[in-house]
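Quantities reported herein were computed from a predicted structural model and do not represent experimental measurements.
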Amino acid sequence: MALLQQADQRDLAESGQELHRFVSELYPICRSITGNGIRQTLSLIQKRIPLQIVEVASGTPVFDWTVPKEWNIRDAYIKDARGNRVVDFQKSTLHVLNYSTPVHATMSLSELKPHLFTLRDHPDWIPYRTSYYKPEWGFCLSHNQMLALADGNYEVCIDSTLEDGHLAYGEYYLPGRSSDEILISVHACHPSLANDNLSGLAVATSLAQILAGQDLRYSYRFLFVPGTIGAITWLARNRETACRIRHGLVLTCVGDAGGFHYKKSRRGDAEIDRATAHVLRHCGEAFEVLDFTPYGYDERQYCSPGFNLAVGCLMRSVWGTFPEYHTSADNVEFVRPQALAASLRVCTSIFDVLENNYRYRNLSPYGEPQLGKRNLYRATGGDGIGVEINARLWVLNFSDGEHSLLDIAERSGLSFAAIRNAAEILREGGLLARVPGAEA
Ligand code: ZN
């Protein structure tokens, strides 16, 4: 039985609008790896799902790293000699080098310039830059804005603090029948960038809402963490129990108009890798499956050799390959409601595979059982007689206790949903029994 019917029934357009509204709501907040921006973001997610917010003190050792100081910012600007704010943090959170140390000084343009970052190739866009682990201050602005700066003195102000505090992350654990877990991890540390990764935050939040209250085989763990340091912090605090994660997905850049990309786990042949590739093959959109590489998002941490968890990364356009990446052009218009909704649907389809990927045994394996006399040689749903009967024959033939439903879906070329429906009907018809204890 499909556990995730709710997602299928939800009107795609309506769910897309809802996801896009959430992206727009989160967009203005100045997030960073620590500080009140990420807390404010987590509390908006908490209005939708019962998220637990975990605070870890600066200075806490986490494996080979240390939880950094907490960064907060109230205001920042560059004022010209007449007092006009020629660069104004209130207009874009990207204008400040993220994690800038505080500064308040008057200086000449030539003294200021080494602290300015622009994009020559896209002269109207503001770049997104960070300096997390090296104390520095700076401003990001459009190249045209910089060209318009006349010689003279400028008042520069970054009203920020970088002091001992906490790193905050959000965690939501949804218990299922088994203590085996499915991990969904998203980075929540970028300021006003929509695809990277408010898209991931919105889709993960909706997924949690859809899964809550359903009868689930697996337990689900949702993590909303600052990139790298957040995932490392979580792993350091949960070193002993992380092995309960049987399958996992990092979600990022899932709102743009590009086709899907799935980066496989380090294992490469894990069930999540096969399930995701299968769902993408049947999703009706362009897609590509990529091999694991040790750079990218937090899959790097979950797939570090000490853990080697079966965690892949689902994206639409791949980071660094689209010009809007890490610039002010990754805005709410760059993210499409339809694309967000389709990403959500792909995720629910992947979990539907994992939830239902059992092995069965054909109870009438000597010759083909006579479907007609059991009233099983006619279609029940919308797939048409050809697909439905074909799926039943595939399931009967390969349900030898060895092949999982995903094995059968892959081998038959039919969708997992068709195979799962066939198995359900055959089980109800007394022709199939689930192999006890055989988890896929
Ligand atoms: Zn990024």
Side-chain angles (χ1 to χ4, degrees), residues 7 12 16 19 23 182-187 190 193-204 207 227 247-303 308-327 329-330 334-354 357 406-407 409-419:
L12 209 61
L19 289 161
V23 167
I182 295 181
L183 172 75
I184 296 96
S185 179
V186 293
H187 65 277
H190 286 24
L193 297 168
N195 200 34
D196 177 22
N197 188 31
L198 300 179
S199 67
L201 295 183
V203 168
L207 270 173
H247 321 282
L249 275 183
V250 167
L251 295 179
T252 178
C253 299
V254 287
D256 65 278
F260 284 104
H261 291 84
Y262 174 68
K263 174 178 153 184
K264 291 196 271 190
S265 72
R266 182 175 179 273
R267 299 182 187 183
D269 59 351
E271 199 179 337
I272 185 71
D273 301 325
R274 293 175 53 211
T276 305
H278 176 82
V279 166
L280 292 178
R281 211 171 291 130
H282 289 268
C283 78
E285 287 195 53
F287 76 98
E288 207 176 330
V289 176
L290 311 167
D291 282 327
F292 178 78
T293 49
Y295 50 88
Y297 293 97
D298 285 332
E299 68 281 1
R300 295 151 64 155
Q301 313 310 332
Y302 304 120
C303 295
N308 196 20
L309 297 172
V311 177
C313 177
L314 183 68
M315 301 160 271
R316 282 180 168 277
S317 292
V318 176
W319 64 276
T321 64
F322 53 99
E324 295 85 355
Y325 173 75
H326 279 190
T327 78
D330 180 2
F334 184 61
V335 162
R336 314 284 172 86
Q338 183 75 21
L340 289 164
S343 296
L344 176 62
R345 181 170 282 202
V346 159
C347 292
T348 57
S349 300
I350 293 167
F351 299 144
D352 191 53
V353 172
L354 298 173
N357 191 25
L406 180 57
D407 292 332
E410 283 178 338
R411 186 145 176 175
S412 66
L414 297 170
S415 73
F416 185 85
I419 293 296

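- Using a 4.0 Å cut-off between charged side-chain N and carboxylate O, Asp291 and Lys264 make a salt bridge.
- Scanning both residues, Ala310 and Ala270, for their nearest heavy atoms gives CB-CB, 3.6 Å.
- Looking at Asp273, Val279, Ile272 one by one, the single match for side chain to side chain contact (heavy atoms under 4.5 Å, CB included) with Thr276 turns out to be Ile272.
- The shortest side-chain heavy-atom distance between Val346 and Phe260 falls under the 4.5 Å cut-off.
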*Assess whether side-chain contact (heavy atoms from CB on, under 4.5 Å) is satisfied between Leu193 and Tyr325, documenting all intermediate values.*
CA-CA 9 Å; Leu193 297 168; Tyr325 173 75; over 6 Å; no
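- Using a cutoff of 4.0 Å between basic side-chain nitrogens and carboxylate oxygens, Arg316 and Glu285 are scored as salt-bridged.
- Nearest heavy atoms, Ser199 versus Leu340: CB-CD2, 3.7 Å.
- Under a 3.5 Å cut-off, the side chain of Asp256 and the backbone N or O of Phe334 do not form any donor-acceptor pair.
- Under a 3.5 Å cut-off, the side chain of Ser265 and the backbone N or O of Val311 do not form any donor-acceptor pair.
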_Apply side-chain hydrogen bond (donor to acceptor under 3.5 Å, both in side chains) to residues Tyr302 and Asn308 and explain how you reach the verdict._
CA-CA 6 Å; Tyr302 304 120; Asn308 196 20; over 6 Å; no
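- Using modelled atom types, one finds no donor on one side chain facing an acceptor on the other under 3.5 Å when comparing Glu324 with Asn195.
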_Using side-chain contact (heavy atoms from CB on, under 4.5 Å), reason through Ile182 and Phe351 one step at a time and then give a plain yes or no._
CA-CA 9 Å; Ile182 295 181; Phe351 299 144; 3.6 Å; yes
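- At least one side-chain heavy atom of Leu344 sits under 4.5 Å from a side-chain heavy atom of Leu207.
- Counting only distance, with no hydrogens or angles, the side chain of Ser343 and the backbone of Val254 share a donor-acceptor pair below 3.5 Å.
- A tilted orientation is assigned to the rings of His278 and His282, their planes being inclined by 30° to 60°.
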*Could you walk me through whether Cys303 and Leu309 pass side-chain contact (heavy atoms from CB on, under 4.5 Å), step by step?*
CA-CA 5 Å; Cys303 295; Leu309 297 172; 5.7 Å; no
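- A 4.5 Å side-chain heavy-atom check between Leu183 and His247 finds every atom pair outside the cut-off.
- Counting heavy atoms from C-beta on, the side chains of Cys313 and Leu249 never come closer than 4.5 Å.
- Atom CG in Asn197 sits 8.0 Å away from atom CG in Leu251 (nearest 0.5 Å).
- In terms of modelled atom types and a separation under 3.5 Å, the side chain of Arg300 and the main chain of Gly296 share a donor-acceptor contact.
- Counting heavy atoms from C-beta outward, Leu290 and Val318 have side chains that approach closer than 4.5 Å.
- Using a 4.5 Å heavy-atom cutoff, the side chains of Arg274 and Asp269 are not in contact.
- Between Tyr297 and His187, the ring centre distance stays below 6.0 Å.
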*Give the C-alpha distance, both sets of side-chain angles, the deciding distance and a yes or no for side-chain hydrogen bond (donor to acceptor under 3.5 Å, both in side chains) between Asp330 and His190.*
CA-CA 11 Å; Asp330 180 2; His190 286 24; over 6 Å; no
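- When side chains are defined from C-beta on, His261 does not count as touching Phe287, because their heavy atoms never get closer than 4.5 Å.
- Put simply, CD on Glu410 and CZ on Phe416 are 10.5 Å apart, with the number rounded to the nearest 0.5 Å.
- No donor-acceptor distance shorter than 3.5 angstrom exists from the side chain of Lys263 to the backbone of Val289, with no hydrogens or angles considered.
- Each of Val186, Val23, Leu19 was compared with Leu198 under the side chain to side chain contact (heavy atoms under 4.5 Å, CB included) criterion, and only Val23 meets it.
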*Please walk me through it: do Phe322 and Cys253 pass side-chain contact (heavy atoms from CB on, under 4.5 Å)?*
CA-CA 11 Å; Phe322 53 99; Cys253 299; 4.1 Å; yes
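- Side-chain polar atoms of Asp298 and Ser185 form no donor-acceptor pair below 3.5 angstrom.
- Considering NE2 of His326 and CH2 of Trp319, their distance stands at 9.0 Å, rounded to 0.5 Å.
- Counted within 6.0 Å of CZ on Arg336, heavy atoms from surrounding residues, nucleotides or ligands total 12 or fewer; the atom is thus considered open.
- For the pair Asp352/Thr348, no side-chain contact is recorded, criterion being any heavy-atom separation below 4.5 Å from C-beta on.
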